[in-house]
There are 2 protein chains.
Amino acid sequence: MRTPARLSPEDLLCAHGLRPTRQRRALAALLFTGAGRHIDAQTLHAEATRADEKLSLATVYNALRAFEQAGLIHRVAVPGERVWFDTGTGAHGHFYIETENRVLDMPKGAPIRPPAGYRVTRIETVVHLERAADDD
Amino acid sequence: MRTPARLSPEDLLCAHGLRPTRQRRALAALLFTGAGRHIDAQTLHAEATRADEKLSLATVYNALRAFEQAGLIHRVAVPGERVWFDTGTGAHGHFYIETENRVLDMPKGAPIRPPAGYRVTRIETVVHLERAADDD
DNA sequence: ATAGCTGCAAATGCTTTGCAAGGCC
DNA sequence: GGCCTTGCAAAGCATTTGCAGCTAT
């Protein structure tokens with residue numbers, strides 16, 4: 001129960017100590033619409049603009065950083081020039097299609113089965129570590 | 001037999017269709033010294049410079065790209081501002097210590113066991129896909 | 001000799017930041 | 001009212017690229 005998509009964007013923000021400004025509510029509404037999403041700052045900004053929300057790109061970056069620090073989203077580790085964010089906290093597996101610069105969710109627990117028309121070129125696992133407190 | 005660390009840097013380059021220039025030989029010597037390494041362009045440039053090799057940063061970038069295209073190295077999928085390259089083609093598992101911006105090799109096949117003093121915060125799997133030829 | 005590499009510096013593209021004005025509690 | 005957030009534009013940083021000169025074959 002980390003990203004309760006059932007909460008309103010406002011409650012979601014409040015629950016994570018984030019001030020529910022208009023811009024953040026709009027972004028949250030775009031990001032947490034049910035299933036997990038993968039998106040980068042610029043695309044999100046374009047989406048928000050298309051949804052008649054006036055906000056600057058810098059604000060999107062700021063909001064994404066705030067969301068990340070709050071644990072609502074996290075960066076996806078795909079090699080590339082842009083940073084991808086993932087709104088799903090449950091499924092940590094991703095398909096990455098380099099030639100199309102696309103990221104797809106991978107059903108968790110299921111055996112790896114690429115979408116039709118694609119084949120696996122490489123599987124990469126990254127285990128994120130943190131210093132344990134008792135070894136300082 | 002993809003990155004035969006036994007070959008001389010020159011032979012290694014030739015075997016992959018790369019012209020063995022002085023700069024590339026120097027970089028190859030730094031990169032393929034036995035075990036797999038993880039490094040980014042800037043650090044590699046610093047190392048080369050420290051080893052009395054005069055080469056420009058742009059050349060390091062160009063060489064890394066050439067090496068990558070030749071299949072000698074590949075990018076590591078860590079979220080961050082820099083691109084990390086991995087010289088090991090056998091082990092695809094990595095530990096990533098965000099707070100220290102460090103990448104470690106993970107013994108392949110073995111169960112995930114973080115180094116002493118660290119604990120796992122997240123496991124991320126990225127499956128790289130490519131369009132299969134029969135779906136065009 | 002020729003095709004490919006290197007070096008320098010400028011350009012590019014994403015992301016961050018400084019500072020003034022506005023919004024939330 | 002006070003503090004956090006926004007907005008704009010400029011700065012920052014990693015990476016790429018253009019072009020002249022050099023090097024390996």
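Each chain gets a letter, A, B and so on, in the order its sequence line appears, and its residues count up from 1.
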Under 3.5 Å: donor-acceptor pair, side chain of B:Q23, backbone of B:T59
no
Those residues that, when tested against A:R19, pass salt bridge (charged side-chain N to carboxylate O under 4.0 Å, His left out) (two or more places apart):
none
Residue pairs fulfilling salt bridge (Lys or Arg N to Asp or Glu O under 4.0 Å) with at least one residue in residues 52-63 of chain B, sequence neighbours excluded:
B:R22-B:E53
By nearest-heavy-atom nucleotide on DNA chain C, the more 5' of B:T21 and A:R75 is B:T21
Compare the minimum distances between each of D:dG7, D:dT15, C:dT15 and the side chain of B:Q42, then state the nucleotide with the smallest one.
D:dT15
For the helix from C:dA1-D:dT25 to C:dC25-D:dG1, what is the angle between the axes at its two ends, each from 5 pairs, rounded to 10°?
40°
Return the set of residues passing side-chain contact (heavy atoms from CB on, under 4.5 Å) with B:A66 (not counting sequence neighbours), or none when no residue passes.
B:L18, B:R24
List the residues meeting side-chain contact (heavy atoms from CB on, under 4.5 Å) with A:L30, not counting sequence neighbours, and say none if there are none.
A:L44, A:E47, A:A48
Between CG of B:L64 and P of D:dT15 the distance, given in whole Å, is 9 Å
Separation of C:dA21 C1' from A:R22 CZ (nearest whole Å):
14 Å
Salt bridge (Lys or Arg N to Asp or Glu O under 4.0 Å) contacts in which one or both residues fall within residues 68-78 of chain B, not counting sequence neighbours
B:E68-B:R75
Quick check against the 3.5 Å criterion: does B:T125 have a side-chain atom that pairs as donor or acceptor with the backbone of A:G93?
no
Of B:V83 and A:G17, the one whose closest nucleotide on DNA chain D sits nearer the 5' end is A:G17
Kindly state each residue pair satisfying ring pair (Phe, Tyr, Trp, His ring centres under 6.0 Å) with at least one member in residues 36-59 of chain A, sequence neighbours excluded.
A:H38-A:H94
Check whether any side-chain nitrogen or oxygen of B:Q23 sits under 4.0 Å from OP1 or OP2 of C:dG7, and answer yes or no.
yes
Please list, for nucleotides 2-4 of chain D, all pairs of protein and nucleotide N/O atoms separated by less than 3.5 Å.
| unit_1 | atom_1 | unit_2 | atom_2 | d |
| --- | --- | --- | --- | --- |
| D:dC4 | O4' | A:R19 | NH2 | 3.1 |
| D:dC4 | O2 | A:R19 | NH1 | 3.4 |

Can you measure B:R65 atom CZ to C:dG4 atom C1' for me and round it to whole angstrom units?
14 Å
Atom-to-atom span, CG of B:L18 to P of C:dC5 - whole angstrom
8 Å
Please report, rounded to the nearest Å, how far the P atom of C:dT15 is from the CG atom of A:L44.
12 Å
B:E68 CD to D:dT15 C1': how many Å, rounded?
13 Å
For B:Q69, enumerate each residue passing the side-chain contact (heavy atoms from CB on, under 4.5 Å) test, keeping only those at least two apart in sequence or located in another chain.
B:R65
The criterion is ring-ring contact (aromatic ring centres under 6.0 Å, His included); which residues satisfy it with A:Y96, sequence neighbours excluded?
B:H128
Do side-chain atoms of A:T87 reach the backbone of A:F32 as a donor and acceptor pair under 3.5 angstrom?
no
Can you tell me how far P of C:dG13 sits from CG of A:N101, to the nearest Å?
15 Å
Only counting residues at least two apart or in another chain, list the ones meeting side-chain contact (heavy atoms from CB on, under 4.5 Å) with B:I97.
A:L129, B:T99, B:E100, B:R102, B:L104, B:Y118
Spacing of B:L13 atom CG relative to D:dA24 atom P, expressed in whole Å:
13 Å
For DNA chain D, find the residues of residues 49-63 of chain B with a heavy-atom distance under 4.0 Å and give them by number; none if there aren't any.
B:A58, B:Y61, B:N62
